[in-house]
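Nothing fancy with the numbering, it's 1 onward along the sequence.
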Amino acid sequence: MVPGVGFRFASYIDNYMVLQKEPAGAVIWGFGIPGAIVTVTLYQGQEINMKKVTQVKAPSNTWMVILDPMKPGGPFEMMAQQTFGTRNITLKVHDILFGDVWLCSGQSNMQMTVLQIFNATRELSSAAAYQSVRIFSVSLIQAEQELEDLDAVDLPWSKPTSENLGQGNFTYMSAVCWLFGRYLYDTLQYPIGLISSSWGGTPIEAWSSGRSLKACGILNQGPIPQDSVTGPSEHSVLWNAMIHPLQNMTLKGVIWYQGESNMNYNRDLYNCTFPALIEDWRQTFHHGSQGQTERFFPFGFVQLSSYLSNDNSDDGFPQIRWHQTADFGSVPNLKMPNTFMAVAMDLCDRNSPFGSIHPRDKETVAYRLHLGARAVAYGEKNLIFQGPLPENIELLAHKGLLSLTYYQQVQVQRQDDKIFEISCCSDHQCKWLPVPMSTFSTQTLTLDINSCYGTVDALRYAWTLWPCEYKQCPLYHPSSTLPAPPFINKIAK
C-alpha cells in the first residue's frame, strides 16, 4: 500500500462475504490516511446494529475494528467512513452474512474444481440451492516478503453458480472446499464462508513461514526434484503472498490437502514440518485477529490417496501418510491437538483424465472431512469420524499368530493376504513379509505369521502406494464406511 493512495477495505472484504459469527467478533480492517478517523457502521435495512470508531495508524496506514459477536444470519450492509479534516470518504459493502468461515489450502488435489470431479453435472446444477454458502478464491501469487494484503483475487466473494464453480480445470474454486462447505451447511443450516488458497505441485515449505521451517531445522533451500514439484517451491513464497495477508480475519478453521510434492523432498521431515505449519498458522491467525480466531482453531486435512507409479518399490506415499499424523496413525493426538483427518487411500482412480494422482471422487473426501469437523470443530458427541486402529497387538508365538484388538468395531470387507506385513528378522537382517488374515470377530483380528522363521519385529498395514481398489480395502468401520487408516507398529517382545 503506497501512502496516501486512499481509503479502502482489505481486498477480501467485499459484497456477499461471510463474516465469522459468535462467540468471536469479526475483524474489519483496511487502509487509509494516517491519523484519520474511521467509523464502521453495520446495519440491516434502515436499522443500525452497531458503530465502531477507530483511527488510521502510522506507519502501516491501516485501521481495524472488531465487531460485536453476531448470531448467524443476514443479510447486513456495512459502511466505513473516513474523516480527515473536512474530507469524508464513504465505502459500502452489501449482502453480508454471519456464519462460519473456513480457509482451504494445499496443492492440486485441493485446487481441482467441481468441473473435474465425478457427478460434476449434478453438483453444478444443485449449487444454486446453496445461496448461503459463499465462495472466495485467492489468486496464484508468490512473494519474497510477507504481504500485508492480498495482491490479487481470482474470485471475489460470490454466491455459488455453475459458472464460478465449474470455471475450468484447476481454476477458481476448490471442489473439496466447496463440498466440505456444502456438507457443513446441510448439517448446521447457517451461512458458511469458504476461502480457497491453493496451488498445484507445491511442497509444504512454500506454505510455511521461516519460523516454522527453522523450528524443524530447515534453514536453506535444498535441491528440489522436479518430478513431483511443479509449482513454486521456494521456501515461504506462498505463505508470504497467499496466507499471511489473511491473518487479520476471524476464522473458524482450516482444511488442507497437500503432501504429494514432499514425496521426494524433505519427506523424512514432514512429521515436523506439518505439525509446525499447523502450530504457526494457529499462532499467526490468533495474533493477527487480536485473539478473535481461536488459538487452537480446528485444522482438518486429507491423508494422501493413491496413485500408479512406475516405481513400485517407492514407499514415499506411505511415509508421508504416516508423517501427516506426526507418526501417531490417527488424529487428534499429542502433537496435533484439535485436528481431524479424512483417509483417502481407498478412493483411487486409475482412469482419471488428470492422472491417477488426481482421483475424481472428491465427494467422499469432503464427506469424511466434514465428519471430522462435526466431531472436532463442532463437538458432536458419539459420532464416528475415523476408521478403526488397533489399540493392542499381541504376539502369540507358540500359536504362530499375531492378535490385534481394535479400539472400535471393525468389519472385514474382504480377506487380503498382502495388506498386512511383518518385519521378520534373523541374523540381524529384517525383511517385510506379507501375512494372511487368519480369524476375525467384531473387534479382533489374528494374522498367521508362520512364514517368519526369525523374530517378528514390526507390523504394518496398507503400507503401499495403492493399498486396494476403489472402496475395497479389507477393513472398515461397519456402520460408517470409514476405512481403517494405515499404520506401522513395533511389536513388543
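The aromatic rings of Phe420 and Tyr461 lie tilted to each other, with the angle between the two planes from 30° to 60°. Relative ring orientation between Phe299 and Phe297 is described as parallel, the plane-to-plane angle staying below 30° on a 0-90° scale split at 30° and 60°.
Cysteines Cys348 and Cys468 are not disulfide-linked, with SG atoms at least 2.5 angstrom from each other.
No side-chain donor from either of Tyr16 and Gln131 sits under 3.5 Å from a side-chain acceptor of the other. Using a 3.5 Å distance cut-off with no hydrogens or angles, the side chains of Gln107 and Ser261 do pair a donor with an acceptor. No hydrogens or angles considered: a donor-acceptor pair under 3.5 Å links the side chains of Trp207 and Thr202. If you check the side chains of Gln44 and Asn49, you find no donor sitting under 3.5 Å from an acceptor. Side-chain atoms of Ser289 and Asn248 form no donor-acceptor pair, as typed in the model, at a separation below 3.5 Å. Side-chain contact annotation: Ser209 with His244, donor-acceptor N/O pair under 3.5 Å absent.
In terms of modelled atom types and a separation under 3.5 Å, the side chain of Thr284 and the main chain of Asp280 share a donor-acceptor contact. Of the possible polar contacts, none joining the Asn119 side chain to the Arg122 backbone as a donor-acceptor pair under 3.5 Å is found. Of the possible polar contacts, none joining the Thr464 side chain to the Pro467 backbone as a donor-acceptor pair under 3.5 Å is found. For the pair Ser212 (side chain) and Ser208 (backbone), a donor-acceptor distance under 3.5 Å is absent. Within the 3.5 Å criterion, the main-chain N or O of Ile141 finds no donor-acceptor partner in the side chain of Asp151. Ser352 places a side-chain N or O within 3.5 Å of a backbone atom of His358 that can act as its donor or acceptor partner. A distance-only check finds a donor-acceptor pair linking the side chain of Trp157 to the backbone of Tyr12 [under 3.5 Å]. In this structure a side-chain-to-backbone donor-acceptor pair under 3.5 Å is missing from Gln292 to Ala24. Using modelled atom types, one side-chain atom of Ser174 and one backbone atom of Met110 make a donor-acceptor pair closer than 3.5 Å. When atom types are taken as modelled, the side chain of Ser236 and the backbone of Asn240 share no donor-acceptor pair closer than 3.5 angstrom.
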Carefully, step by step, assess Glu279 and Arg211 under the rule salt bridge (Lys or Arg N to Asp or Glu O under 4.0 Å).
CA-CA 11 Å; Glu279 166 60 20; Arg211 282 181 308 278; over 6 Å; no
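Between Lys362 and Glu123 there is no salt bridge, since none of the side-chain N atoms of the basic residue sits less than 4.0 Å from a carboxylate O of the acidic one. The pair Glu469-Arg350 meets the salt-bridge criterion, since a charged nitrogen lies less than 4.0 angstrom from a carboxylate oxygen. Between Arg134 and Asp14 there is no salt bridge, since no side-chain nitrogen of the basic residue lies less than 4.0 Å from a carboxylate oxygen of the acidic one. Remark: Asp349 engages Arg360 in a salt bridge, criterion side-chain N to carboxylate O under 4.0 Å. Using a 4.0 Å cut-off between charged side-chain N and carboxylate O, Asp416 and Lys418 make no salt bridge. Salt bridge absent: Lys335 and Asp327 never bring a charged side-chain N and a carboxylate O closer than 4.0 Å. A salt bridge links Arg182 and Glu363; the closest N-O separation between the charged side-chain nitrogens and carboxylate oxygens is under 4.0 Å. Using a cut-off of 4.0 Å between Lys/Arg side-chain N and Asp/Glu carboxylate O, Asp346 and Arg368 are scored as salt-bridged.
Closest approach of Ile393 and Asn489 over heavy atoms only: CD1-CB, 3.8 Å.
In this structure, Leu246 CG and Leu103 CG are separated by 6.0 Å, a value rounded to the nearest 0.5 Å. Atom NZ in Lys71 sits 9.5 Å away from atom NZ in Lys21 (nearest 0.5 Å). Atoms CG and CG, from Asn109 and Leu304 in turn, are 8.5 Å apart once rounded to the nearest 0.5 Å. The structure places CZ of Phe98 at 5.0 Å from CG of Leu42, a figure rounded to the nearest 0.5 Å.
Checked against a 6.0 Å centroid threshold, the rings of Phe340 and Phe301 do not count as neighbours. In this structure, Tyr183 has its ring center closer than 6.0 angstrom to the ring center of His370. Between His286 and Phe296, the ring centre distance reaches or exceeds 6.0 Å. For Trp466 and Tyr307, the gap between ring centers reaches or exceeds 6.0 Å.
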Residues 380-392, side-chain donor-acceptor partners within the protein, below 3.5 Å, at least two apart:
residue, atom, partner, partner atom, Å
Glu380, OE1, Arg374, NE, 2.9
Glu380, OE2, Arg374, NH2, 2.8
Gln386, NE2, Val331, O, 3.2

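Figure legend: Lys252 and Tyr378 shown as a cation-pi pair, the cationic atom lying under 6.0 angstrom from the six-membered ring centre and within 45 degrees of its axis.
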